[in-house]
Amino acid sequence: MFNNRTKIKTLLQGNFVGKEVTVMGWVRTFRNNQFIALNDGSTNNNLQVVIALGLLNDETLKRITTGASLKVKGEIVASLGKGQSIELKAITIEILGDSDAEKYPLQPKKHSLEFLREIAHMRFRTNTFGAVFRIRHSLAFAVHKFFNEKGFVYLHTPIITASDAEGAGEMFKVTTLPIDGTAPKNEDGTINFTEDFFGKATNLTVSGQLEGELGAMAFSDIYTFGPTFRAENSNTTRHLAEFWMIEPEMAFYDIEDNMNLAEEFIQYLISYVIENNKEDLEFLDARLAEEEKQKPQNERQELGLIEKLKFVTDNKFERITYTEAIQILLDSPHYKKKKFKYDVSWGIDMQSEHERYLVEKHFKKPVIVTGYPAAIKAFYMRLNNNCEAGKETVAAMDILAPGIGEIVGGSQREERYDVLVKKMEQFNIPVKEMSWYLDTRRFGTVPHAGFGLGFERMVQFVTGMTNIRDVIPFARTPKNCEF
RNA sequence: UCCUCAAUAGCUCAGUUGGUUAGAGCAUCUGACUGUUAAUCAGAGGGUCUCAGGUUCAAGUCCUGAUUGAGGAGCCA
């Protein structure tokens, strides 16, 4: 029986002084042959275990090394030392698992994030990653809580898909055919997929949106939350080959409703973490402040992490149209001094530098941009009424966050059958293969909208971690699929 | 995929103009120390200088290529 122990979080929160308890955890440091900093992952804080002189023989003392796992029975007492309010006076100590100090990679010192990434299987045991992944959990839980409270249905859209019409980037192929060149071929030399497992070419999903729309046409409001795959050769701090995405889809919503929901959603998620991960946020806040100190003054963030999060929950997001955004850029001193690498004019797909300027320099808070040119956005986005010829726009919305860039991409969907089919033809989408999608527009079509939120980018925003590979347990990126 | 930069002890990094035996802090090991806070003090061990070529009397240092990593760009969430 192991489960009669008390978690360290519980001990530090409650009033246990004078009580006898059993704790289990891993040694973070062992000082003076007397003080163990024990951590069990329930909280960022350690419990100090005190060993009285003579309790253990020398041989056992030597086995208490960084990383070893212990079972300690003892009495909770008010701490004599200054760094903590309570500590555990050990009665018995059992070493559950030794940790060879010469080989254990984590030392009681600061490690670089790059090094910890290489030992991702061990990095959960550090303060930083402990905090990051407890927050990641809280965010995931809050996602379900938010939508459940609003009556949304959690829909599991497929991970293996035959639809290649989404156009959201390169896909990973899924097949059971041999890859050594002996796969069955058609007369023209292409692979004969009718002999493949599914009888057709299949891929890992790049988005659950199209299937999500089918659900919304019955349940009114649905959301998906699952893994998503992109085979792009992207080497950046904000892209992964395997990531998690949340895609709500709502019937009887227009673009305005969509924006309201997305804003409320993001603010809810942040508030949940502020309330439930106070210590983890405080740790990350201090860590970030320390890092900021290393930077030259003009590159430093104005707000600390917690201040930034509170600012986002307490203030409305800025809402502007694409046309207004372009005008702001054209009027900016930055543009007039020719500091943009890429030119600005109506119709361009805004570059990172443009989005960063709007969010980080001009507004200094999350910005929702709507009404993008139809030509640069996906086929399913609703064409706006009364557009000037040659300046057609769609009811798209992107939410841009400081430091992260695009955190949400969404739109009101094109519900008019004729307009949608015409759009698909323009975008070279095979109308025939997509008839299941078009059925929603044939039978009881309604105005509807939805968006996709990159979960890891959200975790980045909340934790202040600058590299997306540090907010997912085991990052999959080009040339990297360890563990 | 493109651009820039980097790779030296377990980790973080120094290594001068190409020159003799490649250094430091932390970690580890040995010893001391029983109210420590990434404990402290004394001593010791620890190197295929990423890999493959090349230039040179001589390469950690210069050149070419590869690999890996970081930052930026594109693609996007």
Side-chain angles (χ1 to χ4, degrees), chain A residues 28-37 45-56 58 61-62 65-67 77 79-84 87 89 99-119 122 126-127 166-170 206-209 225 227-247 262 341-342 349-356 376-378 398-401 404-410 451-461 466-472 477-480 482:
Chain A
R28 284 290 175 81
T29 64
F30 184 33
R31 291 181 290 265
N32 207 13
N33 266 1
Q34 192 185 8
F35 303 102
I36 304 169
N45 297 316
N46 302 322
L47 178 70
Q48 171 151 290
V49 176
V50 186
I51 307 172
L53 191 61
L55 181 72
L56 300 174
D58 279 4
L61 276 177
K62 277 189 181 162
T65 56
T66 306
V77 296
S79 180
L80 295 172
K82 279 191 181 141
Q84 57 283 316
E87 59 195 22
K89 211 167 115 188
S99 172
D100 185 341
E102 265 186 273
K103 293 180 182 141
Y104 188 63
L106 295 171
Q107 305 154 9
K109 64 169 270 191
K110 197 170 175 163
H111 287 291
S112 68
L113 294 175
E114 289 85 359
F115 171 67
L116 293 171
R117 225 171 274 155
E118 285 171 24
I119 51 162
M122 287 279 125
T126 63
N127 288 330
E166 285 141 16
E170 288 295 308
V206 292
S207 162
Q209 182 203 314
F225 184 6
T228 311
F229 307 88
R230 305 269 166 93
E232 296 287 342
N233 193 2
S234 296
N235 293 289
T236 76
T237 53
R238 53 188 194 283
H239 288 89
L240 292 165
E242 176 185 288
F243 64 100
W244 289 65
M245 185 156 65
I246 297 139
E247 294 179 291
K341 205 173 152 200
Y342 295 89
D349 204 352
M350 277 191 278
Q351 304 287 317
S352 277
E353 58 172 353
H354 303 140
E355 296 183 345
R356 288 182 98 112
I376 60 169
K377 287 288 181 182
D398 282 0
I399 303 186
L400 311 174
I404 313 283
E406 186 177 341
I407 196 164
V408 162
F451 61 84
L453 176 127
F455 186 58
E456 282 76 19
R457 289 186 183 175
M458 190 67 205
V459 182
Q460 272 188 280
F461 186 74
T466 51
N467 194 316
I468 200 165
R469 292 160 217 162
D470 295 330
V471 298
I472 189 165
T477 52
K479 301 275 184 296
N480 178 15
E482 292 299 313

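The shown structure was predicted, so the numbers you read here are calculated from the model rather than taken from an experiment. In what follows, chains carry the letters A, B, and so on, assigned in the order in which the sequence lines appear, proteins first and then strands, with residues in each chain numbered from 1.
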Which whole number of Å gives the distance between the C1' atom of B/rU55 and that of B/rC5? 25 Å
With respect to the phosphate group of B/rG74, does any side-chain polar atom (N or O) of A/S352 fall under 4.0 Å of OP1 or OP2? yes
Think A/T236 has a side-chain N or O under 4.0 angstrom from the OP1 or OP2 of B/rG71? no
Taking only N and O in the side chain of A/R469, is any of them less than 4.0 Å away from OP1 or OP2 of B/rG69? no
So, the side chain of A/R28 versus the backbone of A/P108: is there a donor-acceptor pair under 3.5 Å, distance only? no
Take atom CG of A/L400 and atom C1' of B/rC76, then tell me their distance rounded to the nearest Å. 12 Å
Output yes when at least one side-chain N/O atom of A/K62 is less than 4.0 Å from OP1 or OP2 of B/rG31, else no. yes
Between C1' of B/rA70 and CG of A/L113, the distance in whole Å: 12 Å
P atom, B/rA9 versus B/rG23: distance in rounded Å? 14 Å
A/V50, nearest nucleotide to its side chain (from B/rA38, B/rU68, B/rG35): B/rG35
What I want to check is whether an N or O donor and acceptor connect the side chain of A/N32 with the base of B/rU40 at under 3.5 Å. no
Nearest to the side chain of A/S79, which nucleotide is it out of B/rG35, B/rG69, B/rA38? B/rG35
Is the backbone N or O of A/L400 less than 3.5 Å from a side-chain atom of A/E406, with the two atoms forming a donor-acceptor pair by type? no
Over all heavy atoms of both residues, which pair between A/K62 and A/T65 is shortest? Give the atoms and the distance, please. O-CG2, 3.4 Å
Report, as a single string ordered 5' to 3', how protein heavy atoms within less than 4.0 Å touch nucleotides 23-28 of chain B: B base, S sugar-phosphate only, - not at all. --BBSS
Polar side-chain atom of A/E170 near backbone of A/E232 as donor-acceptor pair, under 3.5 Å: no
How many Å lie between CD1 on A/I468 and C1' on B/rG71, as a whole number? 16 Å
Choosing from B/rG74, B/rU1, B/rA70, which nucleotide comes nearest the side chain of A/E114? B/rA70
Base-paired stems that RNA chain B participates in, counting runs of 3 or more Watson-Crick or G-U pairs under 3.5 Å: B:1-7 with B:67-73, B:10-13 with B:23-26, B:28-32 with B:40-44, B:50-54 with B:62-66
Side chain of A/Q34 only, heavy atoms from C-beta on: which candidate in B/rG35, B/rC75, B/rA38 is closest? B/rG35
Give a yes or no on whether the backbone of A/G405 and the side-chain of A/E355 come within a donor-acceptor separation of less than 3.5 Å. no
Return no unless some side-chain N or O of A/N467 is found under 4.0 Å from OP1 or OP2 of B/rG71. yes
Let me confirm one number: the CG-CG distance from A/N127 to A/N46, rounded to the nearest 0.5 Å. 6.5 Å
What is the distance, rounded to the nearest whole Å, between atom CG of A/N46 and atom P of B/rU36? 18 Å
Residue set satisfying salt bridge (charged side-chain N to carboxylate O under 4.0 Å, His left out) with A/K341, at least two apart, ordered chain then number -> none
Considering only the C1' atoms, how many Å lie between B/rA6 and B/rG46, rounded to the nearest integer? 25 Å
Considering only atom C1', compute the distance from B/rA14 to B/rA22 and round it to an integer number of Å. 11 Å
Between A/N480 and A/L240, the residue closer to the 5' end of RNA chain B by nearest nucleotide is A/N480
When you measure from the side chain of A/E353 to the backbone of A/Y342, do you find a donor-acceptor pair of N or O atoms at a distance under 3.5 Å? yes
Please report, rounded to the nearest Å, how far the P atom of B/rA73 is from the NZ atom of A/K341. 9 Å
Please determine whether a side-chain nitrogen or oxygen atom of A/R31 lies at a distance below 4.0 Å from atom OP1 or OP2 of B/rA39. yes
Supply the atom-to-atom distance A/I51 CD1 to A/K89 NZ, rounded to the nearest 0.5 angstrom. 13.5 Å
Quick check for you: among B/rA38, B/rG72, B/rU36, whose closest atom lies nearest to any side-chain atom of A/T237? B/rG72
Mapping A/P478 and A/D398 to their closest nucleotides on RNA chain B, which lands nearer the 5' end? A/P478
Separation of B/rC3 C1' from A/N233 CG (nearest whole Å): 14 Å
So does A/R28 get a side-chain nitrogen or oxygen closer than 4.0 Å to the phosphate oxygens (OP1/OP2) of B/rU37? no
Quote, to the nearest angstrom, the C1' distance that separates B/rU16 from B/rA59. 15 Å
In whole angstroms, how far is the P atom of B/rU68 from the CD atom of A/E482? 11 Å
Record whether the side chain of A/S234 comes under 3.5 Å of the base of B/rC75 through a donor-acceptor pair of N or O atoms. yes
A/N467 side chain to A/R469 backbone, donor-acceptor under 3.5 Å: yes
Any side-chain N or O of A/R238 under 4.0 Å from OP1/OP2 of B/rA73? yes
Should the side chain of A/H111 and the base of B/rC11 be counted as holding a donor-acceptor pair, with the cut-off at 3.5 Å? no
What I want to check is whether an N or O donor and acceptor connect the side chain of A/Q84 with the base of B/rU37 at under 3.5 Å. yes
Please report, rounded to the nearest Å, how far the P atom of B/rU36 is from the CD1 atom of A/I36. 17 Å
Determine the interatomic distance between C1' on B/rA7 and the same-named atom on B/rG47; round to the nearest Å. 15 Å
Same-atom distance (P) from B/rU37 to B/rA27, integer angstrom: 13 Å
Determine the interatomic distance between P on B/rG72 and the same-named atom on B/rC57; round to the nearest Å. 45 Å
